[in-house]
Amino acid sequence: MQALLDILTNHREVAMSLAKIVAVLAVLLPMVAYSVLAERKLSALIQNRVGPNRVALPLIGGIPILGPFLTRLGFWQPLADGLKSFLKEDFTPAHVRKAYFWLAPALALVPAFMTMAVIPFGSFLGRERMVLADLNVGILYTFGIVSLGVYGIVLAGYAANSKYPFLGGIRSSAQLISYEIAMGMSVVPVFMLVGDLNLSKVIAYQSDGLTSWLVFKQPVAFVIFMVAAFAETNRLPFDLPESETELVGGYHTEYSSMKFALFFMGEYSNMIASSAMMVTLFLGGWTLPFFGLNATPNEDGAIWMGLAHIGIFLAKVMCLLVVFIWVRWMLPRFRYDQLMDLGWRRFIPLGLANIVVTAVILFLQAKQ
Amino acid sequence: MSTATAANTETKPPAPAVETVRVKVDGRVVDVPRTLPDWQGKPQPTTMLQACAIAGAEVPHYCYHPKLPIAGNCRMCLVEFGTPMMGPDRKPVLSEDGSPKIARSVLPYEPGTPRGAIACATPISPGMEIYPSSPATKQMREAVLESLLINHPLDCPICDQAGECKLQEYSVEHGQAESRFAEVKVHKPKQVDLGPRIMLDDERCVLCTRCIRFSRDVAQDDALGIVNRGSHNSIAAFPGRQFDNNYTLNTVDICPVGALTSKDFRFRMRVWFLKETRSVCASCATGCNILISSREESVYRYEPRQNDAVNACWMCDSGRLNYKWIGREDRLLNVRSSRSGARAWAAVVAEIAETLRSAPQGSVAVIASARQSTEELYLLKKLAAHLGALTDSVERLGEGDGFLVNADRNPNTNGARMTGICFTEVGIQIPKIAQGIRSGRIHTLIVFGEDVTRHGIDSETLSKVSTLIVSDILPNETTRRAHFLLPGCAYAEKRGTFVNAKGRLQRFLKAVEPRGEARPEWEFLQELVHQVTGENLGPGFEALFNRMAKDVPALASAGVEWGKVGDLGAPLTL
Amino acid sequence: MTFTIPRELEAELDELATRYPQKRSASLMFLHALQERFGYVSKEAVEWTAAKLGVQPIHVWELVTFYPMFRQEPAGRHQLKVCRTLSCALGGSHKLYRHFCDRLGLDPNKHGLQTTKDGKFSVEFVECLASCGTAPVMMRNEEFHEGVSCEQADALLARCS
Amino acid sequence: MIIKRTELSWLERMYFPTLWSGLRVTARHFYDTLFRGGRVTMEYPEQRWTVPEGYRGAPYLVKDAEDRTKCVSCQLCEFVCPPKAIKITPPGPAVDPTTGNVEKRPREFEINMLRCIFCGFCQEVCPEEAIFLMKDYSLTGLSRKEMIYDKEKLLSLGGVHNDQIRKWKKKEAEAASQEAFKPE
């Protein structure tokens, strides 16, 4: 214990890093929980329903106006959902491959969390940079980690040892591979423009005002990235690995209780991670071209500005989450051949063309 | 085999030519025998009803029963018919095409020609034409049925007969959809106690008198009659007298409606839920053929099944009600070996086989009940022969009544004799076995289905046995002392055969599942014999039976096979 | 109370039975004789008859229950039989019957023979007494009365002692 | 009939029109629900659906106006029940002096509401009009056993049925008025 305290006091970076990790997780996990609520509530509204509005906390529910309001909003629903996941019977079918069956949910969740490590979610707070690991190869790291996420799903499909999960797993791996390429293609022009792989640098590049946001400079790349992000997170209209109407529940058919909840959390963490990536790469990260919020504060910048930047970042992420949720009700699910067609025959050529066009433009600009 | 059959047909004297009469049923020419056996088997002129049955046309009837004298009082079997018309010169009148002109009985009729007649009591004559489905016949049936239904209470929802009721069936086939009877029905007593086993509902009675004729002519107990003749007529016994002979429940069977009900079966289950299994009564050596009615693995009733060589359509009440022990609470359910504590069939059978293999010749004795099936006795004899064991069975005597109850209350004494388990005199070996046990020469005793402590081997002697292998159904002194206890099956729970007092091999089929861990005795005996002697008598029941049919001389000479025994059994020469 | 048959009656009936080719055919004569002697046909009388004729009691009982003239219980000293067949029914026999019942304190809705508590009168409906022209008709024991009005009925009752 | 697929135009193949119409529909519904009270759902325990006439809910047993169980244990419903949800134990041979000329009533009557498919065959087949599908559509319980309704429960839920048919009562009255012969 003493030794640990020693390390923490002597090595400030370690202590700060731990603090930041805890802080990120403390924000991320509730975000996951509440994005589920948001999904349910938004879905309900789009479908002329009410959505969760039952769960009340005994004491807070008694507060005159606020209590009922929170209850109607479903504010406590995530608590109930979480509790339910823990209390439900954790049923393991007899025919599953036990070790993989246990491993798969964890594998599905962990990469999503790890992606968050390189994303700058703010400028500075005090003298501390608001990024867990300011890697020079941030984007490569992200791609590396994200592609691990598919193992969780494939493994779940394989471990369940029954046909529907297996089909779900197979579909997922093919889908992920296909769209990984398109996604990779889409970000190349970004770095061609920025000239650096460090995500902090990407944000710095976009801090010159609205016009410098890469979404405007590289709209094609943004669209490809976004669609690929939908596909990678298995969100509708690309939720083929778990499409209920065809595969019962896809790769998680045989899962129940907390193991199922882990898959669920994984999906939403992935959504958040993808949104964060999009915000960072295309939507100016934590910057906002108003009220002087563009300026990268120096190391002794005002605390309020650092907090504002974090707030801006979170707000942007949430907006993208709403888009994720909304799109679900806009489009029907793709057929598998359409999905593959879109990936291989549209986005990969389009991404390649985008690279070439960007390169030519850059070449011409450099020549001038 | 085939040559034997051929030889049989050759040596068989050709069937005597049956004198036939040519009649027409619904326009179809049929040759029917001039006489047919009546209820007692005496030849009597064939009736229109029998002729119609031969022609495949069913004539509805209530009072007629093939095994009872004809009464002809229900009028349900009225049919239209015609006879060749006679001219004044006593010669048949011919129609234009030269065929004899038929005087039909249809109304309005010409004077001198017959009208509809009751088919059950009208003998046929040459050239007669019967019209069991003509409009006139239908009209007559409708009218008779309407008259029978006038005072019928129509309480089918509470009536036990519903589902096997002739009144219901004929109402559907020949009745009218609606009653025209607007007046108040005549009410008669319900729940009349006729005897210890019979309850009467007078409102439902159609006065066919089948029950009266049965008790007078078949059961020889002329106890029933019709009193208060008129609107309120009802079946009754003399006031103060009980209708209590040993055959009363047959009246419930033959009652075409729900008037006579069995106090035992009353309100216990609707008949349409019951599964019927062909079996043989095991209460005495007569071996009456029965149908076991069961639902969801419990037996609800026995009914006689027609077999003219054994029991005609009847059975005694004592046999009929002797089924309740099958579902008794204290049935032996678990197999066990008190030696090793084994509680699994395979382990216990293997342990017994081990014990028997190491037993010296002549140190084993077998007492097998004559209530076991022939196959089981055969297997036990096999085992005994291999071990050089003394075998015997237990005699069980009662009083015979000269009709269906045999003095020998074991159903399969002849089977035991045939397989060599016992000799003509049953039970003579038991003192010898008891002596052997006391002297220490016999130290292994195999008992199947008997409590030997009540049949010559007292419990003190029994305690000297070092290995006691017992199979039984219900607990008794012997099963309590058993070292190896093998729960067996009631005959309703397994397949098998009995040989009755007259030497008729009859099969019984499985009606319900065995209780608990109990298994058919032939099944584990087959395994045991295989393990002890090395001889495989399987696989399965049919193979076992056919093997036995070759091994046992009485069966071999009759040339029986499982597939050929049939529902009515096969006669053997003892 | 045991059922005993006087010796001379038994002898008479035995002789009677020999007149029929089948003994059973004498049943009705036996029953008539027994009713005449005892006033009604008791169960014991039926059993005795059955034993005498070699049939089952139920078959004698069938006869007793069939014929209305056989009484299964003792009747009063004055037995009033009111005809109820068509002509008499139209001529007012139901009214007459009801009148008797009311006078004697009996229930007119009951079926069969009814006797007053003191055993003096019995009233019952019977079928045709074969005098349809003079309806309503009735009998008091063996005595025939025609065209009986309620007044005449009262007079009749008064005459009985 | 073979329906030919219409060829998609270039624009349609870009998915943009679909996206746009999807957005329009969802946005409209979103707006409606949020601001114009366009909700179509009912908040169940507080708001309850009034079932229409002829609705087939849970089957219950009824009593007649004399507070007598109408069921006579004829077991036709048990026979006709497609999912075998009904189990009737008949009264057995013992004479029950209280039942009068009906003689028979079920000793036990069980309906497994988990198996019941609310088809109404039991009501259809009942010759005594003793079982009716009522309006209950919300059957809940905490255990399987709790969902097997026994005779008492079914009777108390079914209540009294005041119909004009008095079949047994009429028979009883007729028999009484005729002084049914009692052979002694």
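Note that the structure is predicted; figures quoted are calculated from it, not measured.
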I need the minimum non-hydrogen distance between [X] and [Y], along with the two atoms involved.
X: F66(C); Y: R229(B); value: CD1-CB, 3.2 Å
X: I58(C); Y: D222(B); value: CG2-O, 3.8 Å
X: E47(C); Y: F238(B); value: OE2-CE2, 3.2 Å
X: T65(C); Y: N228(B); value: OG1-N, 2.9 Å

Under 3.5 Å side-chain donor-acceptor pair for Q56(C) and R216(B): no
When you look at [atom1] of [X], are more than 12 heavy atoms from neighbouring residues, nucleotides or ligands closer to it than 6.0 Å?
X: E36(C); atom1: CD; value: no
X: Q22(C); atom1: CD; value: no
X: R7(C); atom1: CZ; value: no
X: Y67(C); atom1: OH; value: no
X: E143(C); atom1: CD; value: yes

Output the distance between atom CG (L224(B)) and atom NE2 (H59(C)), rounded to the nearest 0.5 Å. 8.5 Å
